Chemist: 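This structure is in structure tokens; I'll ask about it shortly.
Only a predicted model underlies this, so the values are computations on that prediction, with no experimental measurement involved. Atoms considered below: every heavy atom in the structure, side chains included; atoms not considered: hydrogens, waters and symmetry mates.
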Amino acid sequence: MNGIENDDNGLKYHHSTIDPKDNKATSPPLDEQIRVPSIWVFEAFPPSFISNLRLSAEKLKWSQSERVINPDFLDSVDRMRFRLSGGGWLNLGYIVRDSGHSLNMNRQADLPDGVEAIHASILQYIPSTTILVFQFLLSDDTANAVDQPLRDNYSTYKERIKDGWRYHNVESQKKLVVDTTRESIRTLCTEWVRSNFPGLYASGQYSESFPTSEIITFKENEPYKFKGEKPRNSFLSMVNLDNDFYAWKSQKIQGLYLQFYEEIDKDVNKLVLSGNISKILEDSDLKGYGSDTREGQILQWLTYLDHTIGIWVLYVITRTYERQLGILRDSYGSLDFSDVDLAASEVQVLDNKLLNLQRNLTPFIQELIPLCEKKGYFLHDVYEFFPVSEHRKSDTGLFNGLRERLLILAETLRSNEEQISAIANRSTQIASAISNDKLSKTNIRLQRGIFWMTWVLIILTLILVISGLKDEGFIKNTLQYLLRLMKI
């Protein structure tokens, strides 16, 4: 009883003393506004999925309009894919809802609630892999969705578990709600891509999430910066923008920070851009970027950042193939040949998976290696980012570092693919040999059975003949039959 009372007293103490402080610390100031105005979603179309791109565009009737930007983009994609080397970018302009105006020069499609428009482009770094880029421009309600959960108050509560109690404090609850809200916005966008332009990631073939990049803007504060000493918890920590060790900044794009989620929660497929809305591109003239708001001008300028972020997408695709090869390697290693029928069927399934992977992976590796070897070509038109933290100042530029990692990964993938192919061939040979041996033994048993069955039939025939010789009618008929044969 005393333990329960102590727990209850502890909760009361949290509710009266700790929770109010944590709620205040993790809530933005009253004059702050935190928004997620835009999210990029990337889809890849390697050889086994490229036909989906044409089918999707034709389904939306995008190939029937001459007024839009690059109306023949499908033919342009074919030309880029059929070249010996990559290098290409296509602007597809904006995708909007059908306005009913015949002079509308934007591509049209049904958009989900919460999305105002989508800017689309195509990246072709290497011939075999087309990357389709969608920058979703979100409505005010969607863009502001993260702000309110950050301001809500939470109370510590306990949950009964097997070995006792689990306590959920203010920080963990608020962080969960904020993360869930951000994930719901990403899902809103990725589901549209899945439905309209299904490629490698929409297929679910590799159980991987879409590569996505969100931008988070602040009205008053700035990511990774605090007034005075860094607090134990803050509203910046609720959106994972408190530790500058994971932050990168470009010398050519003022006020814009970049962060890989791979370094925070091991999620390779997420990237975050962030900054104070007044400081992003503060030294740039944005008047020609066609919007009546500074946020709109910034987002329009950032459409041309797709070539930079696309380098990261190449890295994500490479890591996707790396994981799939690892899964196949372990699957072949786990085969149990004691049950030959089961092993043979499993080998066939694994061989099909390996072939499906190789159709995309083999040309990807062969083309990626020479791309990464040419540093100047690789980093052409790419905004380089450098570490913010003093502890990482010795690090090379982010995208040059990715180039070096991609080169190592590609070489490793090529070696691993050769090893797994050899293992697959040997596994098939073993399964076939065991199956043939089993079939041979079965044939021997069948032949023995036929041999003894033949002798049984001979003996039965003799018995019937001998029995027939005692029958005079049988003998007479037999003699007449033989005489007829002799006459013939």
Side-chain angles (χ1 to χ4, degrees), residues 22-40 138 142-152 154 170-186 211-251 253-282 295 298-299 302 305 308-309 312 383 385-393 395 398:
D22 286 347
N23 275 308
K24 182 178 180 180
T26 56
S27 297
L30 293 177
D31 60 351
E32 182 59 270
Q33 185 179 33
I34 300 175
R35 287 169 56 85
V36 183
S38 182
I39 287 182
W40 284 262
L138 306 177
T142 307
N144 292 329
V146 172
D147 191 83
Q148 188 56 51
L150 286 168
R151 300 182 187 280
D152 289 340
Y154 300 84
V170 168
E171 293 173 76
S172 63
Q173 293 178 66
K174 182 174 289 194
K175 184 72 166 53
L176 177 61
V177 175
V178 171
D179 287 346
T180 302
T181 302
R182 293 170 69 181
E183 186 60 38
S184 69
I185 299 174
R186 280 191 291 267
T212 60
S213 173
E214 62 185 335
I215 179 166
I216 301 179
T217 62
F218 298 82
K219 181 182 177 183
E220 299 294 336
N221 291 268
E222 194 171 2
Y224 313 106
K225 293 188 177 181
F226 300 91
K227 296 176 181 178
E229 186 178 348
K230 180 181 176 181
R232 179 181 62 85
N233 53 17
S234 68
F235 69 93
L236 290 177
S237 65
M238 296 297 99
V239 288
N240 291 321
L241 297 175
D242 59 320
N243 190 345
D244 67 2
F245 185 80
Y246 305 113
W248 301 77
K249 193 173 182 180
S250 174
Q251 297 172 352
I253 310 177
Q254 305 90 351
L256 186 70
Y257 296 91
L258 184 151
Q259 181 188 81
F260 285 155
Y261 257 56
E262 180 182 10
E263 296 184 310
I264 298 175
D265 63 2
K266 310 306 178 185
D267 192 334
V268 178
N269 295 33
K270 291 179 186 176
L271 179 147
V272 177
L273 300 172
S274 63
N276 180 291
I277 197 68
S278 299
K279 295 183 178 181
I280 298 175
L281 298 168
E282 62 179 340
E295 179 181 87
I298 290 173
L299 293 179
L302 290 177
L305 200 63
T308 298
I309 305 177
W312 165 75
Y383 288 95
F385 282 71
F386 297 92
V388 173
S389 173
E390 293 293 332
H391 300 291
R392 300 183 71 167
K393 286 300 182 182
D395 284 9
L398 175 60

Chemist: Would you find a donor on one side and an acceptor on the other, under 3.5 Å apart, between the side chain of Glu295 and the backbone of Thr217?
Modeler: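 Looks like no, no N/O pair under 3.5 Å.
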Chemist: Do Gln33 and Asn144 come close enough that some side-chain heavy atom pair is under 4.5 Å?
Modeler: yes
Chemist: Give me the ring orientation class for Phe260 and Trp312: parallel if the planes are under 30° apart, tilted from 30 to 60°, perpendicular past 60°.
Modeler: parallel
Chemist: Less than 4.5 Å apart, any side-chain heavy atom of Val239 and any of Val272?
Modeler: no
Chemist: For Glu32, is there any backbone N or O sitting under 3.5 Å from a side-chain donor or acceptor partner on Lys219?
Modeler: no
Chemist: Any donor and acceptor pair, going by atom type alone, linking the side chain of Asn276 with main-chain N or O of Glu220 inside 3.5 Å?
Modeler: yes
Chemist: With heavy-atom distances below 4.5 Å as the criterion, would you say the side chains of Lys249 and Tyr224 are in contact?
Modeler: no
Chemist: Do Lys175 and Thr26 get their side chains close enough for a donor-acceptor pair, meaning under 3.5 Å?
Modeler: no
Chemist: For the residue pair Leu281 and Ile253, establish whether any side-chain heavy-atom pair is separated by less than 4.5 Å.
Modeler: yes
Chemist: Can you check whether Asn233's main-chain N or O pairs, donor with acceptor, with Ser237's side chain at less than 3.5 Å?
Modeler: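 Between the backbone of Asn233 and the side chain of Ser237 there is no qualifying donor-acceptor contact (under 3.5 Å).
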Chemist: Would you call Glu183 and Arg186 a salt bridge, using N to O less than 4.0 angstrom?
Modeler: yes
Chemist: What is the minimum heavy-atom distance between Tyr154 and Pro149, and which atoms define it?
Modeler: OH-O, 3.3 Å
Chemist: Are the side chains of Asn240 and Tyr246 in contact, using a 4.5 Å heavy-atom criterion?
Modeler: no
Chemist: Does the side chain of Arg182 come within less than 4.5 Å of Ile216's, by heavy atoms?
Modeler: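 They are in contact (side-chain heavy atoms under 4.5 Å apart), so the answer is yes.
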Chemist: So do the side chains of Pro29 and Phe235 get within less than 4.5 Å of each other, counting heavy atoms only?
Modeler: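 They are in side-chain contact.
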